[in-house]
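Here the structure comes first, spelled out in structure tokens, and everything after it is commentary.
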Amino acid sequence: MANSVRVRFAPSPTGPLHIGGVRTALYNYLYARKHNGKFVLRVEDTDKKRSVDRAEEYIQSCLAWLGIKPDESPAHPGSFGPYRQSERRNVYQKYIVELVESGLAYYAFDSSESLEQHRNNHEKKGKTFIYNWHNRMKLNNSLFLGEEKTKEKLDSGCPYVVRFLMWDEKESSIYRCHDSVRGKVAVDCKLLDDKILYKSDGMPTYHFANVVDDHLMDISHVIRGEEWLPSLALHLKLYDAFGWKPPEFAHLPLILKPNGKGKLSKRDGDRLGFPVFPIQWKGEIMGYKEEGYLPVAVLNFLALLGWNDGSENEIFSLEELISLFDLKRVHLAGARFDPEKNKWFNQQHIQRLPLSDFCGLCKAVIENHGFVVNDKNKLKSIALMIQPRVVLTTKLWQELNVFFERPKKYDEKALKKVWKAKTSSILQAVAKALSRDGDTTLEKLKDMLKGVAEGAGLEHSALMGPLRVAIVGSLSGPDLFTLINTLGAEEIIGRIDSALKAME
Ligand code: GLU
């Protein structure tokens with residue numbers, strides 16, 4: 001059987017791609033890959049006033065960084081192009097004429113001033129002005145004017161819009177449709193307006209271009225944000241009007257603010273200090289990439305904002321997400337965005353990186369700070385030690401620097417806690433023991449420290465705190481024995497000396 005799944009991500013280039021849009025792209029990508037289908041990127045740039053410079057480029061870079069590559073896009077066109085709506089003007093023109101001729105759409109010449117006046121008059125009476133069945137025969141449109149007068153207006157170049165005849169008294173006003181996430185949806189068409197589909201400048205509006213393109217691009221499933229659910233009846237009626245088979249629709253739940261109150265907005269990230277964009281936007285707003293997140297961690301986190309696989313599992317690779325993803329398991333309720341959980345996902349994925357990849361990351365950071373590690377085994381043991389501790393790759397140096405730089409200062413609180421009267425002499429004894437026998441293997445080290453502690457009449461654990469402060473500068477950091485072994489006796493003696501001098 002020929003494969004029939006074709007999905008699309010259809011952003012409007014009105015600014016940077018927000019995390020909600022990324023989730024939509026991801027669910028489309030997962031669905032396409034799972035069903036061996038095609039994932040299409042279509043740029044919906046019919047509203048030139050709202051289009052923002054370089055936004056399309058940004059969207060493409062984000063998808064590339066995340067590794068969710070479209071099969072067809074403006075950059076890699078397939079046979080359904082062009083993939084930018086602004087380049088498809090002539091396509092829409094043909095279809096709008098067809099719709100008007102069939103009597104399902106009509107020309108409207110109302111000026112914005114007259115519409116504004118209608119709105120105000122209604123408002124004064126506590127009503128809302130809706131351009132639809134109950135007043136369209138009284139307004140300045142082709143239904144009211146008749147064929148001849150309409151032709152005159154069109155011929156004289158009078159500006160117009162084309163409106164869709166959403167509903168009239170001839171049919172039942174309840175329109176029943178189906179959404180893959182929500183099931184049955186019933187809409188009262190009486191309450192909807194006659195949406196503008198097309199303007200005399202030759203540009204379609206979102207609704208018209210979207211439906212025409214989904215049809216012409218052979219889209220089988222429309223997976224998009226819940227904010228488009230109110231447009232579902234209109235879109236389906238447009239398919240009906242043309243006699244086209246509609247795609248299946250799935251509307252994804254909202255992504256909510258961290259406190260669960262309301263939709264997550266672009267500004268929440270800035271305000272609360274977490275990224276909501278994949279990559280940096282115009283050098284101003286930082287993205288996940290610059291903040292030290294791995295693409296797979298961002299995808300994993302987003303996949304679970306509105307979906308789960310039915311188990312308790314949370315950590316998935318992209319391949320696993322592809323094989324498990326199912327529209328039937330998309331949630332109805334909004335998903336709360338938890339920035340701390342987001343970091344946790346990143347830490348989990350850093351831990352799962354193959355050691356060679358993680359070594360590569362470390363090596364780059366080490367070299368960036370002007371150091372070199374030629375010894376591959378040393379690099380490996382450093383990487384192994386810190387891999388479980390790293391949450392963000394941007395914080396790698398905080399974990400790595402201890403292997404390359406002596407402490408510049410010693411944490412006051414730590415000193416207060418562990419530095420006692422006897423500490424200096426004990427550390428001197430450790431340094432002496434190390435210089436006598438430079439063996440820092442685990443067994444030797446343990447025996448040696450035990451011996452020094454016993455000599456001073458102390459528990460061996462009482463020695464660990466001050467030794468750590470002397471080597472690291474604080475009480476945190478990786479396992480002390482492994483650290484000493486990696487740094488070697490000479491370096492440890494040097495660090496003890498420096499610490500003792502600093503405490504004099
Ligand atoms: N251009 C719309 C947007 O920016 C697409 C909505 C849809 O997927 O139908 O969200």
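Remember, it's 1-based here, ligands and their atoms both numbered in the order they're listed.
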Counterpart residues, side chain to side chain donor-acceptor pair (under 3.5 Å), relative to N401 (two or more places apart): none
Any pair counted as salt bridge (charged side-chain N to carboxylate O under 4.0 Å, His left out), so long as it reaches residues 382-394, sequence neighbours left out: R389-E399
Side-chain H-bond candidate by donor/acceptor type, R8 with N28, under 3.5 Å: no
Whether Y206 and W228 hold their rings parallel, tilted or perpendicular, with breakpoints at 30° and 60°: tilted
Sub-6.0 Å ring centroid separation between F164 and H235: no
If you look only at distance, which donor and acceptor atoms sit under 3.5 Å apart when one is on a side chain in residues 290-298 and the other is two or more places apart or in another chain?
residue: E290; atom: OE1; partner: Q280; partner atom: N; Å: 2.9
residue: E290; atom: OE1; partner: G287; partner atom: N; Å: 2.9
residue: E290; atom: OE2; partner: Q280; partner atom: N; Å: 3.1

What are the polar N/O contacts of ligand 1 with the protein below 3.5 Å, with distances?
residue: ligand 1; atom: 1 (N); partner: A10; partner atom: O; Å: 2.8
residue: ligand 1; atom: 1 (N); partner: S12; partner atom: OG; Å: 2.9
residue: ligand 1; atom: 1 (N); partner: E44; partner atom: OE1; Å: 2.6
residue: ligand 1; atom: 4 (O); partner: S12; partner atom: N; Å: 3.2
residue: ligand 1; atom: 4 (O); partner: S12; partner atom: OG; Å: 3.1
residue: ligand 1; atom: 8 (O); partner: R8; partner atom: NH1; Å: 2.7
residue: ligand 1; atom: 8 (O); partner: R8; partner atom: NH2; Å: 3.4
residue: ligand 1; atom: 9 (O); partner: R8; partner atom: NH2; Å: 2.9
residue: ligand 1; atom: 9 (O); partner: Y206; partner atom: OH; Å: 2.8
residue: ligand 1; atom: 9 (O); partner: N210; partner atom: ND2; Å: 3.1
residue: ligand 1; atom: 9 (O); partner: R224; partner atom: NH1; Å: 2.9
residue: ligand 1; atom: 10 (O); partner: W228; partner atom: NE1; Å: 3.3

